[in-house]
Every structure is written in structure tokens, then in C-alpha cells.
Amino acid sequence: MSLLEIKNLQLEFGTGRDAMRAVDDVSFTIAEGETLCLVGESGCGKSVTALSIARLVPTPPARYVGGEILVNRKDVLRMGKSDLRQIRGGVVSYIFQEPSASLNPVFRVGNQIKESLKLHRPQFATDDEVIRLLKLVGIPAPESRLRDYPHQMSGGMQQRIMIAMALASEPKLLVADEPTTALDVTIQAQILELLRDLKARLRMSILLITHNLGIVGDIADRVAVMYAGQIVELSPARALLQRPLHPYTQALMNSVPKLGHELERLQAIPGSVPNLGQFPSGCRFHPRCPKAQAECSVKAPELVEVEPGRWVRCPYWAK
């Protein structure tokens, strides 16, 4: 059963001739207990898509111009403020980038976790429940650490506090937006292992946003690859890592160093992600694509199922 269904989502910034479409016809689902990784370079629209799930993108300047976001079969885009308050935190919780910027520096971490409990589970807004959550995310000596301020903790510990805050409301879907970006490799592995363990124990679904394909193989069930506001490939994780189909996914894979292969220089993707409002005509990847044909600059490709469970936005994927 699908916990989340996003159907043909379209989101713009600005109005009239100045409107810039940041998310264009995006569709994907997340089943109960599933982990989906949303992958792509910075500026592709990953975070805006994720924030849209709980309608956290401010309107204005943003404007939802089409599509549906179904959480437990209820359309978030049609909800009133009261229903949205139930969804935010109660059903969908977020872990944001840069925990040091997300935590309030003037409040103790225990009080910040307790604030989430007061909003969604007021009967459990106690030190005992905060300690239980800190133990759940692997904080040592939680009885004393709940009185610490964020600056007294390392980046990895701060991220664990953010995870504890997200779990306080017992959500069904955890959205992790680049949760390991500011952490060193060892701590990254610990955070991913923690998310994997929590998913199994709490039976949550996870939407993990990343530009690091190395993370995908560790945690994902399926992968959605995003470029310039569109999904360009959607596939089971193992199949995508073994045989990426879209030229953009192939380019991302080729830019990752591989064990046992000695290279003087990594293979970079030429050019850069186009700025919002300056997307090229036709296929949005064609100016950077090694497989581009003449018609790619004119005709916009559709997202098509080319194999069971595998969707690709490119008519030349097999060449």
C-alpha cells in the first residue's frame, strides 16, 4: 500500500510571464516501510519537492499549479490549516541539512525535543520520554546530555538530536534532506546505519535526498533521479546501480570513483544544471548529453516504463 503518492506535481515561483517552474510534472510513490532515494545535482529541485509533501514551501512566492500529493490517500494540496498541522510532524517528519543551523542555540536539546512531544504527544512530554528517544538514536549518557546546548555536541551528535526530534511524533514517513552532507565519512556511515535500524524497528518509510550515489546502495529500495525539476529515471536501487539507463544517471555513476580502478582524473559532467527559468527547449539534459540527437533540442521526452518497474525520460536510452 502506498503511504505517499505524488502525481504530476507542478510548482512555480512567481506569476504570469515571470513564473519559473521549479518542479515540473513530478510523480512517484513511497510504499509503507520503503526507502526511496531522490538523487541529483544541487539545484535540480529535490528539496523543493520534499518540502512540498507537507506543503512547507511558502506560498507566495511559490504556487502549486497542478498535481496531487496524497498522504494516506488524502490530498495535502486541498487540506486546511488544521489538517496540515496533523500531517506536519504527526505523519511526515523532516531531518534537514546542517543540524547546527537547524537547532536553536539558546535552548537545551532536551527542551527542543520536548517541544515536539508537546505538539504531537503531549501526554509523553517528559524527561523520561526524551531520554528514551536519545537512547533510541544512540546518544551516550542521555540523562546528562539532555541538558546540553547544541554547541556542546559534535556534528554527528547534533544530527542524532535532529533525528530524535523527528521521531518524537512517531511519524509514518521520515524525510531526510542530505542528512550526512556536513559530516565526515565515519559519522556518515553511523547515521545511515542508524536510519536503517530505525526504519526496521519503527516500520517507517524514508525519503532520503542526496547527491551522493554511494549512499544509495547502502539504504535505498528504489531510486528517483531528478534533473532540472523533472524525474528522469525511476528504478529499483540494485537495478539502477548495476545498469543505469538514462544518460544523466550514467554520467552521475561515471563521476563516482570505483575501488580497484586507478584514474588520474574523475570523469566530470560537462556544463552545469540550468538556472531556474532558463531551462533549454526539448530535453533539458540535451546540452550536456553525449547521446543527444537533433530532435532532442526540440521535442521534450516523456517518462516511459521501458522495463518492468523501470521508468526513463529518454528515447535513446538503449543506444
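Atom set for the values below is all heavy atoms of this structure, side chains included, hydrogens, waters and symmetry mates excluded. Just so it is clear, the structure is predicted and the values come from calculations on it, not from any experiment.
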Say whether [X] and [Y], considering side chains only, have a donor N or O and an acceptor N or O under 3.5 Å apart.
X      : Y      : answer
Tyr149 : Gln112 : no
Thr35  : Lys199 : yes
Glu233 : Thr249 : yes

Any ion pair linking [Y] and [X] (charged N to carboxylate O, less than 4.0 Å)?
X      : Y      : result
Glu129 : Lys114 : no
Glu305 : Arg310 : no
Asp128 : Arg132 : no
Asp83  : Lys74  : no

Answer yes or no: are there more than 12 heavy-atom neighbours, outside [X] itself, under 6.0 Å from its atom [atom1]?
X      : atom1 : answer
Arg196 : CZ    : yes
Arg203 : CZ    : no
Glu307 : CD    : yes
Glu302 : CD    : no

Take Ser116 and Ser169, measure what side-chain hydrogen bond (donor to acceptor under 3.5 Å, both in side chains) needs, and give me the verdict at the end. CA-CA 7 Å; Ser116 181; Ser169 58; 4.8 Å; no
Flag side-chain contact, heavy atom, 4.5 Å: Phe279 against Asp24: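 Side-chain contact under 4.5 Å: no.
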Flag side-chain contact, heavy atom, 4.5 Å: Leu9 against Asp25: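 No, too far: nothing below the 4.5 Å cut-off.
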Give a yes or no answer on whether the side chain of Arg288 reaches the backbone of Pro270 with a donor-acceptor pair at less than 3.5 Å.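 Side chain of Arg288 to backbone of Pro270, a donor-acceptor pair under 3.5 Å: yes, one is there.
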Working to the nearest 0.5 Å, report the span between CG of Leu38 and OG1 of Thr210. 10.0 Å
